[in-house]
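One structure below.
Below, read A as the first sequence line, B as the second, and so on, with proteins coming before strands; counting in each chain starts at 1.
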Amino acid sequence: MPLAAKVTKPVAHDPDPDLAEKGMAVTISKISKRFGSTIALDQLDLSIRENEMFALLGPNGAGKTTLIHILATLMRPDSGTAEICGIDVVRQPRRARAALGVVFQEPSLDGKLTVEENLDFHARMYRMPAPLRRERIGEMLELVELATLRRRLVRSLSPGMKRRLEIARALVHDSRVLILDEPTVGLDAQSRGRIWEYLARIRARRTVTVVVTTHYIEEVEGCDRVCVIDDGRVLALDRPDTLRSRHGRHVLRVQALDASTAAEIAALHPDAVPDGDGGLAIVGGRTILEDLLRRFGPRIDQVSLERPSLGTVFLGLTGRHLREEGAAQQGAGKR
Amino acid sequence: MIQAVEGFGYLGALHAIWLREIKRALRDRGQLVGGVSRPLLWVLILGVGLNPYFRGEIYGEARFAIPFTYLQFIFPAVIVLNIMYTAVLSAVSLIADREFGFLREVLVTPVPRSVVLLGKILGGATVAFAHGCLVLLLAQFADVPLLLSGVGEALLLMFGLAFGLTSLGIVIAHRIRSFEGFGVFSNAVILPLYFTSSSIFPLDPALTGAQMRVVYPEWLVFLVEVNPITYAVDALRGALIGFNQFDAWLGPIVILAIAAVFFLLALRDFNRS
Amino acid sequence: MRDEPNLRADIGGILAVVALFACVAFLPPDTSLSEMRKDGTLKACLPSNYPPLVISGAERPGFDVELLAKVADRLGVRLSLNRNDAIGRDFNPRSWGLNRAQCQVVAGGVAVTDTTRTFLDTTEPHLATGWILIGREAVPASLDGLTVGVFPGVAGRDRVALTSGLRQEGARIAPAHSIEDLATRLAAGELDAGVTEALAGGSLAAERGWSTAWLLGSDEADPIAFGLWKGDLTLKRAVGRALEGIREDGEIEALRRIYSLPSISAVYAGAGA
């Protein structure tokens, strides 16, 4: 079992003085969910403010998708309550859904319908009157720059266009809370950038709370708050810059010349994590760097010291890399 | 009261789900080709090809002892076959919806699941019903007179049957995960049901003396009698050519029962998942 | 694969299908009509004497014979009559030995019943008949203890039900083998009453001044038509069209007047019992 000891103990909610004053878009209290012997969510508490851009950050298997499925009323929690705009998602799922717009990780469009028909179907499902339907569909297609493709069959669209359409769809019924599960995964850098641009634009236009999960760490920099979860618990929750200053650590990346050196280094630093390129990442600053150079100097191929970033925050909190296959497997292996 | 008002409010959603099924069917040429070739093959090729074997040769002797020509006899059954294929296969769309995630999109809307299911079944049933009507276009060729009252009754029965069989398709689709599995399974259901429904041979041995001599083995008679499609075919024959092998009231009741039972089963499955 | 759906193309596809089916409806399903045209002859089998439908040695040859002649005329072919003494004598049409080689049409009293239609296809009926009771003076009010001569006449009607019904009334049954036989024995006083089919019996009674009554009630009528071999759909349609034209031109009505088909209003007292 590779070592993935946590550097920091899980922290409680960040007490925020504004919290009580602002209306809450999402309130989650003591939510638990198990799948057999696996605990997906463990007494999780979370509050998301109205009009907030909120990021959920966590490795695979951390419980993000389970949490989103509970919020989207597709799954019932074993215990605890969750509210969307004050509506209990378990007791009044249909009312909660009316306030929600969801973009799932996997595409959920009908490829045999056109762009416009997909939106129209959705709007009818939300019982929107015809004039409002037309108006909103036009607006949203404009927003995601698909207006010229409105008569195209969806199966002929590129993955990026499909994702944009899904965002338009989640917004078309004036949803108050928009949940996006990995909206940018599998897209090229340009498409990813556009999607964040649309989200910023819609927030400028109307009050909408955005809850987004991602594992592109650079993407969450623009969010109001970031919540790091792992093993079904909140590890940290704060503004990106506060997170960086509070939990950010320097991280050393070491590339040894040979395997035996790598093993020695790993033995010396039991909490070192493979970084995917055959090197090791060690949480720690200048002292450790100097120590390493003294001990292994000539046998080290490369070494770099990373400044605190959200990536190093994440590594420090979870002991895992976000985008690294090894880390993902590690996460899966724990289940 | 509030419940009732809410129920009406979902008519628009019901319409949207129904319309989507229709649009998908219209754009699915493969389905249309099947719906067209099946009746043509059965009525045109089988019916005409076998005509010399069933036609009269000597007055008083009959190989095929029912008071109709063979084409007239199988015609209502071909309608049932076409409805059955289209209805059961239209449930593939449920598997596709699940596979392509669209089902999840529908389930996070505020529309109750029962409305979603009803819309899907009504949509599939409408398409299957249309495929059944396609066969009616061949009535002239099969020498089946289309009288207003008979056709009206037949259309009602056809829609009821289409509804029931679409529900059956949904029930099957619920238990099958993949497209391939569904294809195999539905064929394993449709064709046996069709062939043992007294569709291509008459059953009632007490009808005439000549028929008496043609005794089917008991197991075959048993299969035919326990097959609910037998009674659906019988009901359509009653409406279209005025021929019933069983009590005339039995067919419509069995069709109603098929529709009710499979809809409730589908609803139960759908609410559970 | 198209990127944009095209409603016009979808509708076009459906219209193409409908057009295809409409064309199929005009395909000839068999060769019976072309065979007859090649021959130039419409061959009919009929009993040698069965007034008023077939009358031997009279100026007017009988209702069915004249009607057939009109049909052949409209079809542009010759009419060839194959008179057969055996027809009607035996209760099983099989022993009459009629087959395809002898005729395309069976006439002279073919009742449109399920029994007939088991063996033959039929045209639209042009007459109707039922069972009548004949008495020399008045029609007896009860058949109890009487000797009743029975000649079933027209083929395809339920003679078993007739005789068992008469026995229940307490009548002794004396079968007659032709309408002449029945007439002679009734005139000789050998029989107390006669039961036969309305057309033949009606004209007999009119001729002799005997009285008649419907045995089972006047609405208990079986339609009379021409019989065709099953599977000869093209010929059936051609004959059907010819008959339709004849009817529209009022010629059937004219024939009925010429043969002064008897109208019977009395009903036997035990009717419906």
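- Listed by sequence position, B:Pro39, B:Leu40, B:Leu44 are the residues of residues 39-46 of chain B in contact with chain C, using a 4.5 angstrom heavy-atom cutoff.
- Contacts between C:Leu20 and chain B at a heavy-atom distance below 4.5 Å involve the side chain alone, from C-beta outward.
- If you take CG on B:Asp143 and CG on C:Asp232, they are separated by 11.5 Å, rounding to the nearest 0.5 Å.
- Separating the OG1 atom in C:Thr116 from the OH atom in B:Tyr59 is a distance of 4.5 Å, to the nearest 0.5 Å.
- Heavy-atom contacts from other residues, nucleotides or ligands closer than 6.0 Å to CZ of C:Arg78 number 12 or fewer.
- Here the shortest heavy-atom pairing between B:Phe141 and C:Val24 reads CD1-O, 3.2 Å.
- For the disulfide bond (SG atoms under 2.5 Å apart) test, residues two or more places apart in sequence or in another chain that qualify with C:Cys103 are C:Cys45.
- More than 12 heavy atoms of other residues, nucleotides or ligands lie within 6.0 Å of CG in C:Leu15, so this atom counts as buried by the packing criterion.
- Chain C forms more heavy-atom pairs under 4.5 Å with one residue of B:Leu71, B:Val36, B:Val33 than with any other, namely B:Val36.
- Atom CD1 in B:Ile58 sits 9.0 Å away from atom CD in C:Gln102 (nearest 0.5 Å).
- Counting all heavy atoms, side chain and backbone alike, C:Lys230 lies closest to B:Phe68 at NZ-O, 2.8 Å.
- Side-chain contact between C:Val17 and B:Leu134 is present, with at least one heavy-atom pair separated by less than 4.5 Å.
- Rounding to the nearest 0.5 angstrom, the gap separating the CG atom in C:Asp10 from the CD1 atom in B:Ile22 is 12.0 Å.
- More than 12 heavy atoms of other residues, nucleotides or ligands sit less than 6.0 Å from atom CD of B:Glu99.
- Smallest separation of non-hydrogen atoms from B:Gln140 and C:Arg237: O-NH2, 2.6 Å.
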